[in-house]
Amino acid sequence: MKLFLLIGSICAFLFVAIGAFGAHALKPRLEAGGYVDTFNTGVQYHMIHSLAIIAVALLINQVGSSGLLTGAGWAFFIGIIIFSGSLYTLSLTGISVLGAITPIGGVAFLAGWVMLFIAALNM
């Protein structure tokens with residue numbers, strides 16, 4: 001529980017920092033490259049899944065640890081790294097091939113939600 005609470009808190013902190021940095025310091029660069037929407041998508045999914053990790057931590061605290069809850073927490077974290085990370089990198093570098101790995105992060109998000117759903121069924 002503590003590990004996911006720490007990971008979720010760090011991810012949420014980074015969401016605020018990255019979002020603010022993008023909105024202020026990077027805005028001209030993102031606009032020039034046409035990547036504002038791409039960057040914002042990464043930020044949006046980053047925060048949603050930071051909160052999901054925190055929710056997993058709270059669930060583990062309430063109902064106890066399970067492989068499904070632990071798997072969901074790790075899937076959300078991996079999704080943030082791959083999905084949001086690839087969108088951030090694509091937005092800043094313009095390397096379009098990075099868009100090819102973004103769906104892997106999306107699949108990790110989906111897997112996390114499925115595991116959370118199954119865990120809820122088993123409660």
Side-chain angles (χ1 to χ4, degrees):
M1 188 245 358
K2 183 177 179 180
L3 178 62
F4 285 125
L5 191 54
L6 292 170
I7 290 171
S9 299
I10 290 168
C11 286
F13 170 87
L14 290 172
F15 148 76
V16 174
I18 292 168
F21 191 63
H24 300 288
L26 296 177
K27 187 175 182 180
R29 182 175 182 168
L30 294 171
E31 287 175 343
Y35 288 111
V36 172
D37 289 339
T38 301
F39 189 86
N40 287 337
T41 298
V43 170
Q44 180 183 9
Y45 278 76
H46 186 151
M47 186 55 185
I48 290 166
H49 292 91
S50 296
L51 293 174
I53 294 169
I54 293 169
V56 165
L58 297 175
L59 282 168
I60 289 171
N61 187 50
Q62 289 297 312
V63 300
S65 186
S66 75
L68 288 167
L69 287 175
T70 301
W74 285 117
F76 294 144
F77 181 55
I78 290 165
I80 290 171
I81 292 169
I82 296 173
F83 184 89
S84 296
S86 67
L87 292 181
Y88 297 149
T89 306
L90 168 64
S91 299
L92 296 174
T93 66
I95 301 171
S96 60
V97 72
L98 292 171
I101 66 167
T102 304
I104 297 168
V107 170
F109 287 149
L110 292 171
W113 290 112
V114 167
M115 285 186 269
L116 187 57
F117 177 82
I118 295 169
L121 285 176
N122 293 330
M123 286 182 193

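Just so it is clear, the values below take in all heavy atoms, side chains as well, and ignore hydrogens, waters and symmetry mates. This one's a predicted model, so the numbers in the text were calculated from it and none came from an experiment.
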task = Calculate, to the nearest 0.5 Å, the distance between atoms CG and CG belonging to Leu69 and Asn122 respectively.
result = 9.5 Å
message = Hydrophobic clustering (ILVMFWY, side-chain heavy atoms < 4.5 Å, transitive) - are Leu121 and Val63 grouped together?
response = no
message = Could you check whether atom OH of Tyr45 has more than 12 heavy atoms from other residues, nucleotides or ligands sitting under 6.0 Å from it?
response = no
ask   = Given Ile80 and Ile53, is the side-chain contact (heavy atoms from CB on, under 4.5 Å) satisfied, shown in steps?
value = CA-CA 10 Å; Ile80 290 171; Ile53 294 169; 3.9 Å; yes
ask   = Would a hydrophobic clustering, with Ile, Leu, Val, Met, Phe, Trp and Tyr connected at side-chain separations under 4.5 Å, put Val43 with Leu51?
value = yes
key: Ile118 with Ile60, same ILVMFWY side-chain cluster at under 4.5 Å   = no
query = Which distance, rounded to the nearest 0.5 Å, do you find between the CE of Met123 and the OG of Ser66?
reply = 7.0 Å
message = Testing the basics here: between Gly71 and Met115, what is the closest heavy-atom pair and its distance to 0.1 Å?
response = O-CE, 3.4 Å
note = dist Tyr88:OH -> Thr93:OG1 (nearest 0.5 Å) comes out at 14.5 Å
ask   = Any side-chain heavy atom of Leu116 within less than 4.5 Å of one from Leu68?
value = no
inquiry  = Let me confirm one number: the CG-OH distance from Leu87 to Tyr35, rounded to the nearest 0.5 Å.
reply    = 11.0 Å
task = May I ask whether Leu110 and Val56 are part of the same hydrophobic cluster, defined by side-chain heavy atoms of I, L, V, M, F, W, Y residues being less than 4.5 angstrom apart, directly or through others?
result = no
key: Test item: side-chain donor near acceptor, Thr102 and Ser86, under 3.5 Å   = yes
task = Could you tell me which non-hydrogen atom of Thr70 sits nearest to which non-hydrogen atom of Ser65, and how far apart they are?
result = OG1-OG, 3.4 Å
Residues which pass ring-ring contact (aromatic ring centres under 6.0 Å, His included) with Phe4, listed by chain and number, not counting sequence neighbours = Trp74
Approximate separation, where rounding is to 0.5 Å, of His49 NE2 and Ile78 CD1 = 13.0 Å
request  = Let me see the working for Leu90 and Thr38 under side-chain contact (heavy atoms from CB on, under 4.5 Å), right down to the final yes or no.
outcome  = CA-CA 8 Å; Leu90 168 64; Thr38 301; 4.0 Å; yes
task = Assert yes or no for the condition that the ring centre distance of Phe109 to Phe76 is strictly below 6.0 Å.
result = no
key: Where Gly42 and Ser84 come nearest, the two heavy atoms and their spacing   = O-OG, 2.8 Å
Distance-only check: which donor-acceptor pairs under 3.5 Å involve side-chain atoms of residues 10-18, not counting sequence neighbours?
none

ask   = Nearest heavy-atom pair of Leu5 and Ser9: which atoms, and what distance?
value = O-OG, 2.7 Å
ask   = What distance separates Asn40 CG from Leu30 CG, expressed to the nearest 0.5 Å?
value = 8.0 Å
